[in-house]
Amino acid sequence: MLALVVLTASFLSFQGCKPKGAQSAVSGDAAAKAYVAPGKYDEFYNFVSGGFSGQMSVYGLPSGRLFRVIPVFSVDPEKGWGYSEETKPMLNTSHGFVPWDDLHHIALSVTKSEHDGRWAFGNANNTPRIARIDMKTFRTAEIIEIPNSAGNHSSPFITENSEYVVAGTRFSVPMGDNLDVPINTYKDNFKGTVSFIGIDKTSGEMNLSFQIATPGINFDLARAGKGKSAGWFFFSCYNSEKANTLLEVNASQKDKDFIMAVNWKKAEEYAKAGKGVKKQVKYAHNKYNESTHSATSEIKNEVLVLDPKDCPDMVYFMPCPKSPHGCDTDPTGEYIVGSGKLAAVIPVFSFAKIEAAIAAKNYDGEYDGIPVLKYEAVLHGEVQKPGLGPLHTEFDGNGNAYTSFFVSSEIVKWNIKDLKVLDRVNTYYSIGHLCVPGGPTSKPHGKYVIAYNKITKDRYLPTGPELTQSAQLFDISGDKMKLVLDFPTIGEPHYAEAIPASMIMKNSQKIFKLEENKHPYAALGDNNAKVERKGNEIHVYMTSIRSHFTPDNIEGVKLGETVYFHVTNLEQDWDVPHGFAVKGAANAELLIMPGETQTLAWKPEKAGVYPMYCTDFCSALHQEMQGYIRVSPAGSNVPLTFSTGTNLPAAKPAAATTAPAEKTATK
Ligand code: K7E
Ligand code: CUA
């Protein structure tokens, strides 16, 4: 017990193991390895989770250059995401508008367990959700909420042909009709679930296919089987003690917790055969439509739940020492690596042995009615004395595994077959996840391992109390890992995946075609620009093109009315967004891509003339891309009018031809 307390204390103290010689740990040719010359491309895209910033960011490797921050479960004033009327529904949930979350894990879509470059999925850890990001646009295309879940940490993980993204609940919670129960009735009333969310092969659209009800334990991480273990899923779980308070101590009592093995092909059959029970729930399903350039949010009310008691041979537990965190399957699918945060060894399980143990019913009793396989029967072996606080493991495709150690701040390379430790390097400091390009697939690209560190301390220029978190790139092409580069990250990075640039860049979308714009308020040409009053709403059908807005003079708005600026960017060239902002707007600007329409809602508070302008430096005359909107008192009789260019003297016809004459608005 004392030893446990000491280990727990050092686990929580980030001071613990600060490696020495941080400054001299770089080899001579490191700079050349990370250098990508100006104008040259990186070899890999690195999709990095943003943790509590709720976003995903995209870096180039090996340079560590930041290319893009993708708002996912977050609002982003740079892009107007979550502020424009079109994107707000993406953040709707059964709890209402939730513009924040904690994104820990990324799963890139796969075909035959190899990256296919189509979608990236991310989890919301707090208000359980999964998002799908389209790698053509680098934008969030869809978000689905997960019912019967609380703390969606064990998520999203993807099956071998992207049939499902899978999500396990971190917190077990009361489920069913009576949710108002004493917390200390945990053991009786609290249950867990794992959810299988189907992915449409063509569109990528997600749908909640079924859930499996589980004992009231905490799910932490997971991986799909592949190759030999295709059709299976492995979830690490802790708190098999079912503690509901001071988990630090009370959930660390047993020497072993579990990895839960699920035969998902069988679960799918049970679901199809009607073995599940439909439960009433409430969850949001939000989709972004690229032709209307708008999101919709739908509340759904039902989920199919499979109970392992009614579905034999679907779920098994494998004992795993102690409080397992990471659960990773090697490229062949034969080996499953558990990482017990408080364990002194890394257990490696063999899928062949799991199958044999199941066939022979080689059980060590049951846990809540679910068979527990004998540890020794399913174990391939243990990596001895690997380090302190193992968290996650990635693979290089050459038979080696790389495990991150939070407490001892290092990456340890070991051989999967003979379990011998081959190399170790310090990380600066307190590594969480790590990433080998293609590491979770059946064809890792090797070459690099990247550490995502929680603490940076003295590594960067100080920035007050909050310091940057960071990634570190190591060259793994030789026998020994070599530190090549540090680069800061946005938010707290947890998991990340890296994929060859060639798989993504060829599909990258350049513009939205104007002729495909089906936005109900689009103005497809300057001549279609107009202003309309509908009750107490003013709708401005506005266009933007280098370097003016149409209309750019608007009068006759009355206090009490809400103005909707629907701005259509008429450009059809790559990399020519226009922005839009109006003084005093209480949300953000808009950033409108070529061919797209986006809407800013604005409720002026005082009579007066308000400037509006383009926020993105789009042309030599960007600074001229501006206009005015006049707001009059509620009772005023200023007519609603709009124009662009009509005040110019007649001697300048060029301006007049590009803009419509002054018009009086339709009432
Ligand atoms: Cu280890 Cu939330 Cu995947 Cu972070 S988790 S480190
Ligand atoms: Cu348009 Cu600046």
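All ligand and atom numbering here is 1-based and tracks the order in the structure. Predicted, not measured: the structure shown is a model, and the values here were computed from it.
Protein N/O/S atoms found under 2.8 Å from atom 1 (Cu) of ligand 2: H578 ND1, C614 SG, C618 SG, M625 SD. Around atom 1 (Cu) of ligand 1, the protein atoms of type N, O or S that sit closer than 2.8 Å are H325 NE2, H392 NE2.
Under 3.5 Å, the side chains of H622 and D616 contain no donor-acceptor pair of N or O atoms.
Salt-bridge check for D257 with K322: failed, with every basic side-chain N at 4.0 Å or more from each acidic carboxylate O. Between D220 and R170 no salt bridge is recorded (no basic side-chain N to carboxylate O distance below 4.0 Å). Between D330 and R223, no side-chain nitrogen of the basic residue sits less than 4.0 Å from a carboxylate oxygen of the acidic one, so the salt-bridge criterion is not met. Between E241 and K254 there is no salt bridge, since none of the side-chain N atoms of the basic residue sits less than 4.0 Å from a carboxylate O of the acidic one.
The distance from atom CG of N125 to atom CZ of F171, rounded to the nearest 0.5 Å, is 8.0 Å.
Below 4.0 Å from some heavy atom of K454 lie the following atoms of ligand 1, by number and element: 4 (Cu), 6 (S).
In summary, the aromatic rings of H519 and H293 are positioned with their centroids too far apart to meet the 6.0 Å limit.
Around OH of Y628, the count of heavy atoms belonging to other residues, nucleotides or ligands within 6.0 Å does not exceed 12. At most 12 heavy atoms of other shown residues, nucleotides or ligands fall within 6.0 angstrom of atom OH in Y613.
Listed for the S155 side chain is no donor-acceptor partner under 3.5 Å among the backbone atoms of A167.
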